Amino acid sequence: MNLPFAPQSFAALLVTVMTLAHGSVSAQESFRVELGRDGETLGDMRPVFLKFESRPLPAISPLEVARRYQKLFESSDEPEVRIDALNRLNNIRDRSGEDVGFSEEREAAIYEEVLESYESILAKGSFSGRLDELLYQMAKAHALIGQPEQSIARLKQLVGLYPNSELVPEARFRIAEAAFSAGRYAEAEAGYRQLLEHDSHQELAAKARYMLGWSQFKQGNPAWARASASFMAVLDQQLPDHSALANPPAHSMDMLEDTFRVLALMASRQSDARTLADWLDGRESSAWQHLLYDRLADLHAVERRYVRAVSVNNAFVSEFAGHTASPDFLAQSVSYWQLAGNTSKALAARDDYIQRLGAEARFQTMTPEQKGLWAQYSRFLADHYYATGTDLSSRNQTAAASEAWAKAAHYYERLAPRSEQAGELLHLAGDARLLAGDRTEAVRNFRAAAYDHRHGHSRDSAWAAIRIVREDLELASGESRTAALLVLSNEEQRYAEAFGPDERLSGLRADLANRWYDLGEFERALHYASSTLTWERAGVTERYAAWLVTARIRQKNNEFGLAERAWREALPLADEASQDAESQRRSLLEQLASAIYQQGEKAARAGDATLAVAHFQRVEGVMPGSEIAIKARYDAANTLLRASDWLAAINELQRFRIDYPSHELTPETSEKLVLAYQESGQGLKAAEELLNRSETLANPWPTRLRAAAIFHAEGDSASRNQLYKNWLAVAPTPDSADEHVQHQTMRQRLIESGDSVIAVREQLLARERASQWHSDGTLKWAADAALFFGAQTAERFAGIALVHPLEQALARKQAAMQQAQEYLQEAESFAGDGVRSEVLYRRAELYRTLASDLMSSEVPAELNEMEAMQYQMLLEEEAFPLEEEAMALHARNHERIPTEGFDEWIQRSLEALATMHPGRYDRQLRWMSWTTDTNQGGS
């Protein structure tokens with residue numbers, strides 16, 4: 001950092017001695033030469049008097065005038081004329097600004113020559129001109145010819161004789177300068193100070209003040225406090241304000257540079273920045289004070305004392321934090337550390353620059369160049385730490401790498417709002433945050449780069465945010481997973497609105513569809529699946545995934561038709577979208593078959609059997625021979641059964657049994673066929689189906705008995721009876737009332753059909769006797785059997801003739817009668833009043849038959865007439881009680897009429913009574929109905 005003027009060395013400044021006899025003349029001033037007075041030729045000329053006027057120069061050239069004065073000087077023998085001519089040549093040169101008069105080499109010789117004229121004039125003691133000018137010219141002449149002591153002596157003479165002369169300031173300056181050159185610095189200091197105290201010549205005062213400082217500096221450390229004040233006074237005079245600082249006087253450039261250098265030199269030999277602070281303490285703020293620190297820091301840097309140089313910079317920034325030059329000092333420290341080769345310190349200095357000046361209020365006070373440097377440093381540090389993190393990561397220094405990336409992100413983030421490349425920077429910040437493990441901040445940066453600060457790769461920034469959120473979703477669980485998925489969905493929506501669909505977005509939507517499906521959010525899942533499918537450029541994999549989600553949701557929502565369509569759409573994509581295409585196709589076909597099958601179920605529940613059967617039958621076309629296809633065929637038959645479409649059901653069931661003879665459902669078709677046969681009026685086929693099925697059963701008889709029941713219903717007694725007989729032949733003793741009744745029923749039906757009557761009656765009667773369970777029916781059937789056997793025994797009883805030997809015949813007859821009585825009594829015990837009339841009748845007839853047979857029995861041949869008569873009387877005595885018993889039993893039957901009514905067996909008893917007792921019973925009877933009507937009667 002330097003002032004915008006070229007530096008010159010201190011030595012060069014000291015040898016620059018430029019004096020003017022009468023000061024500078026305004027650029028508007030001019031002069032004229034009057035000729036023709038006191039002669040026409042140069043030889044006749046009198047000294048020319050210059051008249052200064054503020055008007056344009058005359059037409060005559062200054063070179064011409066100077067030529068004439070040169071000629072006058074060379075041709076005149078008069079000292080005064082020669083000196084006056086020489087003086088006027090100098091004046092013309094000073095006022096015209098042109099190189100007129102004698103050359104420098106010639107001028108030195110001229111002055112050596114003219115000294116005699118000066119001495120001559122002084123010796124006379126009279127001079128028409130000004131003696132102070134004469135002394136000044138003499139001093140100049142002595143200086144030019146190398147006689148400095150004589151020159152100073154004349155100048156001192158001038159000051160002493162003419163203290164009010166306008167030439168005194170320069171004379172004093174020359175005197176002090178001579179003392180300085182001679183090393184008499186205290187004397188020089190006094191001379192310069194005297195000039196500053198008594199004279200107001202501006203240009204000389206500036207030089208004197210400058211040299212005053214040098215004279216004090218040369219006196220050593222004790223005088224440096226005075227020197228610093230003098231030099232700072234020079235700076236105050238030359239650079240009074242910021243305007244002058246921005247455009248310093250060109251003629252003062254070397255002086256100013258040397259002033260700053262010497263001040264820096266003194267401070268460096270003392271306490272550096274602390275010395276500067278002491279010098280400036282109590283002074284009003286100056287436009288140039290920061291340059292003191294700058295030159296001191298530069299001095300250290302030139303001498304390779306970089307630590308001290310940086311400390312000076314830091315001291316200024318600490319002392320003048322708000323100064324406009326503070327950023328330059330901070331930047332200068334960066335440069336110093338770079339010169340020192342200390343990379344880490346240079347990095348820290350850049351960071352210091354950024355941190356100190358980063359606040360918005362401070363940042364806005366900086367110049368565009370300073371702001372640009374702030375941005376440059378920020379980007380440098382950001383890139384540096386990013387690269388550092390990458391390098392550390394490659395060496396498996398994970399923690400250090402993360403720290404470096406975090407720093408890089410910090411710098412990118414601070415720079416972004418102040419850069420036209422905010423989007424790119426925020427993207428880099430997001431990347432760095434992600435590498436550092438700060439995923440939340442990474443997402444924030446990527447979002448800002450994508451949507452708030454659009455740039456050429458905003459789409460990639462947006463996708464980077466999506467990628468992070470997507471990865472976070474994989475780690476989430478429970479409610480946090482739902483929240484993370486919602487964030488990802490919002491990212492997708494924002495991306496789509498900002499950039500429109502693309503390949504990556506299509507894949508994301510398919511993924512979102514699957515994820516929302518997994519959470520049971522079917523509406524959201526369908527939305528993303530649909531948005532994937534409606535983009536015509538969606539890839540095969542994405543469309544495949546979207547169709548799968550759509551199909552599953554439709555199926556879960558019982559929208560089986562839509563599900564079927566989705567499964568069908570997914571099928572042709574499986575080969576390309578899936579790594580295990582064959583397995584996937586199998587799975588898709590199963591799902592498709594399921595969707596069709598469920599359509600069949602839905603139609604069946606709605607009562608549309610035709611549609612249901614059509615759907616069920618379509619399943620086989622998707623997956624022939626599969627379990628679901630078999631089940632669909634089976635359900636098609638069941639649907640036809642429920643719809644009472646018996647013939648179609650029979651056909652479907654028979655086809656099922658033929659197509660799948662070994663399937664576990666096949667045995668169930670038999671029962672369904674039985675139902676369909678029965679309901680369709682094909683009972684015999686139903687029974688036949690049951691018999692066929694029974695052949696495959698370990699216990700066939702329940703099924704065969706069902707067939708027997710059907711044969712019974714259909715009137716096929718032969719088939720029924722065969723089954724009854726076969727069953728009864730092997731049937732175990734009943735262990736329940738129902739089984740007992742069932743067995744007895746079969747026997748009764750066999751009896752009724754005339755098949756094996758005797759044996760079956762015997763079984764029926766025997767089972768009823770032995771059973772602990774009875775019913776009205778079984779008791780009635782047993783009573784009938786007992787009556788049957790009773791009647792049969794009675795017939796056998798009646799057929800036994802009472803012949804000799806009578807005892808034997810009578811014993812047989814009595815035995816038969818006893819057996820018949822027992823059957824009859826057993827019948828009555830089974831059926832009670834239901835058979836009592838018949839029992840009474842048959843018992844009475846047994847007694848009557850026995851009585852009759854006794855009366856008509858054969859009389860032994862060996863008896864005489866008397867014995868035969870007595871024998872006959874004995875038979876009558878035996879027969880009479882029997883007749884009485886017979887009449888009593890028939891009479892009891894007759895007595896049942898009022899309570900039990902009239903029946904066939906009572907009628908027969910009455911007929912028997914009429915035969916046995918005609919007087920009492922052999923008459924016409926008329927039965928009359930009794931009423932409460934008094935006008936009616938009967939007999």
Side-chain angles (χ1 to χ4, degrees), residues 2-27 94 97 136 140 143 155 158-159 165-181 185 187-219 223-266 279-280 283-284 286-289 291-292 295:
N2 292 295
L3 283 170
F5 41 78
Q8 292 185 0
S9 67
F10 177 62
L13 183 61
L14 292 180
V15 300
T16 303
V17 180
M18 194 72 181
T19 59
L20 297 175
H22 302 290
S24 299
V25 180
S26 170
D94 292 340
Y136 180 83
K140 182 178 181 182
L155 290 174
L158 185 157
V159 172
S165 171
E166 61 183 7
L167 297 174
V168 167
E170 185 172 353
R172 285 179 173 160
F173 184 83
R174 299 295 180 187
I175 294 169
E177 192 175 44
F180 185 90
S181 297
Y185 300 119
E187 181 183 338
E189 178 185 4
Y192 289 130
R193 194 179 297 283
Q194 189 178 30
L195 171 60
L196 292 171
E197 292 174 352
H198 294 87
D199 301 313
S200 59
H201 191 285
Q202 183 176 0
E203 184 174 354
L204 283 177
K207 294 180 180 180
R209 188 173 289 106
Y210 170 71
M211 292 308 299
L212 174 63
W214 274 108
S215 63
Q216 293 165 336
F217 170 75
K218 289 293 186 178
Q219 294 178 57
W224 282 1
R226 301 196 307 276
S228 66
S230 297
F231 281 125
M232 288 190 290
V234 172
L235 297 176
D236 285 339
Q237 191 273 331
Q238 293 295 320
L239 303 172
D241 51 35
H242 290 283
S243 176
L245 183 65
N247 297 287
H251 63 277
S252 302
M253 293 292 288
D254 291 339
M255 178 180 65
L256 290 171
E257 282 294 344
D258 284 338
T259 298
F260 282 117
R261 287 195 188 98
V262 71
L263 285 169
L265 180 64
M266 289 188 291
W279 290 347
L280 294 172
R283 289 175 55 86
E284 293 184 3
S286 303
W288 47 264
Q289 60 191 12
L291 296 179
L292 285 181
R295 295 307 187 269

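What you are looking at is a predicted structure, and each value in this text was computed from that prediction instead of being measured.
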Legend entry - Nearest heavy-atom neighbours spanning Leu196 and Ala205: CD2-O, 3.3 Å

Inset, instruction - For the residue pair Ser215 and Met211, establish whether any side-chain heavy-atom pair is separated by less than 4.5 Å. - result: no

Inset, instruction - Quick one: pull up CD in Glu177 and CG in Leu195 and give me the separation to the nearest 0.5 Å. - result: 11.5 Å

Legend entry - Value rounded to 0.5 Å, distance of CH2 in Trp288 from CD in Gln238: 12.5 Å

Inset, instruction - Might you work through the side chain to side chain contact (heavy atoms under 4.5 Å, CB included) test for Phe231 and Gln216, ending with a clear yes or no? - result: CA-CA 10 Å; Phe231 281 125; Gln216 293 165 336; over 6 Å; no

Inset, instruction - Would you check, one step at a time, whether the test side chain to side chain contact (heavy atoms under 4.5 Å, CB included) holds for Met232 with Leu280? - result: CA-CA 9 Å; Met232 288 190 290; Leu280 294 172; 3.9 Å; yes

Inset, instruction - Run the salt-bridge test on Arg226 and Glu189 with the 4.0 Å N-O cut-off and return the result as yes or no. - result: yes

Legend entry - Point-to-point distance, once rounded to the nearest 0.5 Å, from OG of Ser165 to OH of Tyr136: 10.5 Å

Legend entry - Heavy-atom side-chain contact between Leu235 and Leu292 under 4.5 Å: yes

Inset, instruction - Compare every heavy atom of Val234 with every heavy atom of Ala206, then report the nearest pair and how far apart it is. - result: O-CG2, 4.5 Å

Legend entry - Partners meeting ring-ring contact (aromatic ring centres under 6.0 Å, His included) with Phe217 (sequence neighbours left out): Trp214, Trp224

Legend entry - Rounded distance (nearest 0.5 Å) linking atom CZ of Arg261 with atom CG of Leu263: 12.0 Å

Legend entry - Atom pair CZ (Phe173) and CG (Leu204), whose distance is rounded to the nearest 0.5 Å: 6.5 Å

Legend entry - Closest approach of Ala227 to Gly213 (non-hydrogen atoms, all atoms of both residues): CB-O, 3.6 Å

Inset, instruction - Provide the closest heavy-atom pair for Leu256 versus Pro248 in the form atom of the first, atom of the second, distance. - result: CD1-CB, 4.0 Å

Inset, instruction - Using a strict 4.0 Å threshold on nitrogen-to-oxygen distance, state whether Arg295 and Glu257 make a salt bridge. - result: yes

Legend entry - Distance-minimising heavy-atom pair for Ala287 and Asp241: CB-C, 3.6 Å

Inset, instruction - Starting at OH of Tyr210, measure out to CD of Gln237 and round the result to the nearest 0.5 Å. - result: 14.0 Å

